[in-house]
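Please read these numbers as outputs of a predicted model, since none were measured by experiment. For this chain, numbers begin at 1 and follow the sequence in order.
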Amino acid sequence: MRSTPTYRVFLLYLLLTFYCFGAAMMSEIVEYLGWRDLGAYLSPAEFAQWHAGAGPRALPVLVLPMVAATLAALSLLRYLPARVPRWCLWVALACHALAWIATLRFQVPLEMQLDQGNYSPALLAELWRTDWLRKLAFLIEIPVVSYMAVRFFEAEVVPSASPRFEEN
């Protein structure tokens with residue numbers, strides 16, 4: 001079973017989802033709160049210069065894995081394991097849609113304002129507030145994906161017929 005496309009796509013989806021959850025929570029909580037603290041020491045122009053230089057580093061660590069996770073989730077439309085309920089996939093895809101809509105509608109425009117030298121505590125508060133849409137998507141997706149994983153792997157973990165040992 002491990003050599004099937006279904007197994008590989010599902011495992012890739014699981015790994016990417018849990019990686020992205022950890023990376024996003026770390027980035028969103030540590031980075032955004034750090035920006036608030038950093039803004040007290042830098043002028044808006046200095047913060048913009050720093051932000052514009054630091055921003056592209058998120059691409060290989062956070063953005064590309066999130067794109068890959070979404071593509072893996074979409075691939076499950078074809079390769080969803082039989083033991084995994086289809087409703088789980090639809091919930092996961094809805095979470096991806098919410099996260100990408102929030103990213104494109106709120107986070108990217110707000111971060112572009114930071115790049116343009118418009119740093120302010122109010123802008124950071126708006127960035128943090130609107131980011132809860134993405135966090136909500138992750139906080140819904142992770143339990144659903146965990147349930148999917150349990151359903152997928154339960155046949156491998158719990159054999160259908162275990163040998164009995166008799167005492168002498």
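- Here the closest non-hydrogen pair linking Ala24 and Phe138 is CB-CE1, 3.4 Å.
- We find the CG-CG distance between Leu114 and Leu127 to be 6.5 Å, quoted to the nearest 0.5 Å.
- Thr130 OG1 to Lys135 NZ: the interatomic distance, rounded to the nearest 0.5 Å, is 8.5 Å.
- Using a 3.5 Å distance cut-off with no hydrogens or angles, the side chains of Tyr32 and Arg36 do not pair a donor with an acceptor.
- Leu59 is not connected to Val61 by any chain of hydrophobic side-chain contacts under 4.5 Å among Ile, Leu, Val, Met, Phe, Trp and Tyr, and they are in different clusters.
- Within the 4.5 Å cutoff, the side chain of Val91 has no heavy atoms near those of the Glu141 side chain.
- Under the 4.5 Å side-chain criterion, counting only non-hydrogen atoms from C-beta, Val84 is not in contact with Leu89.
- Classification of Arg134 and Glu28 as a salt-bridged pair holds, one side-chain N sitting under 4.0 Å from a carboxylate O.
- When all heavy atoms are compared, the tightest approach of Cys88 to Met148 is CB-CG, 3.4 Å.
- Looking at heavy atoms from C-beta onward, Thr70 lies out of side-chain contact with Leu16 at the 4.5 angstrom threshold.
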Output, in order, the C-alpha distance, side-chain angles, deciding distance and verdict of side chain to side chain contact (heavy atoms under 4.5 Å, CB included) for Val144 and Tyr147. CA-CA 5 Å; Val144 171; Tyr147 176 71; 5.7 Å; no

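- Residues Tyr19 and Leu14 are not in side-chain contact: their nearest non-hydrogen atoms beyond the backbone lie 4.5 Å or more apart.
- Grouping the Ile, Leu, Val, Met, Phe, Trp and Tyr side chains by contacts below 4.5 angstrom, directly or via other members, places Met112 apart from Ile101.
- Smallest separation of non-hydrogen atoms from Gly117 and Pro44: O-CB, 3.3 Å.
- Ring orientation note: the planes of Tyr7 and Phe153 are nearly perpendicular, at an angle over 60° on the 30°/60° scale.
- For Tyr119 against Ala40, the heavy-atom pair with the smallest separation is OH-N, 4.4 Å.
- Looking at heavy atoms from C-beta onward, Glu111 lies out of side-chain contact with Val108 at the 4.5 angstrom threshold.
- No donor-acceptor distance shorter than 3.5 angstrom exists from the side chain of Arg151 to the backbone of Pro85, with no hydrogens or angles considered.
- The aromatic ring centres of Phe10 and Phe152 sit less than 6.0 Å apart.
- A 6.0 Å sphere centred on CD of Gln49 holds no more than 12 heavy atoms belonging to other residues, nucleotides or ligands.
- One finds the CG atom of Leu139 at 9.5 Å from the SG atom of Cys95 (value rounded to the nearest 0.5 Å).
- Here Ile140 contributes atom CD1 and Leu98 contributes atom CG; the two are 7.0 Å apart, rounded to the nearest 0.5 Å.
- Taking the six-membered ring for Trp and thresholds of 30 and 60 degrees, Trp50 and Trp35 have ring planes more than 60 degrees apart, a perpendicular arrangement.
- Using a 4.5 Å heavy-atom threshold, the side chains of His96 and Met66 count as separate.
- In this structure, CG in Leu71 is found 10.5 Å from CG in Leu64, a value given to the nearest 0.5 Å.
- The two residues Thr6 and Tyr79 have their closest heavy-atom pair at CG2-O, 3.0 Å.
- Residues Arg86 and Leu77 are in side-chain contact: their nearest non-hydrogen atoms beyond the backbone lie under 4.5 Å apart.
- In this structure, Ala48 and Asp115 approach most closely via the heavy-atom pair CB-O, 3.4 Å.
- No side-chain heavy atom of Leu123 sits under 4.5 Å from any side-chain heavy atom of Trp128.
- If you check the side chains of Ser27 and Glu31, you find a donor sitting under 3.5 Å from an acceptor.
- Atom CD1 in Ile142 sits 8.5 Å away from atom CE in Met25 (nearest 0.5 Å).
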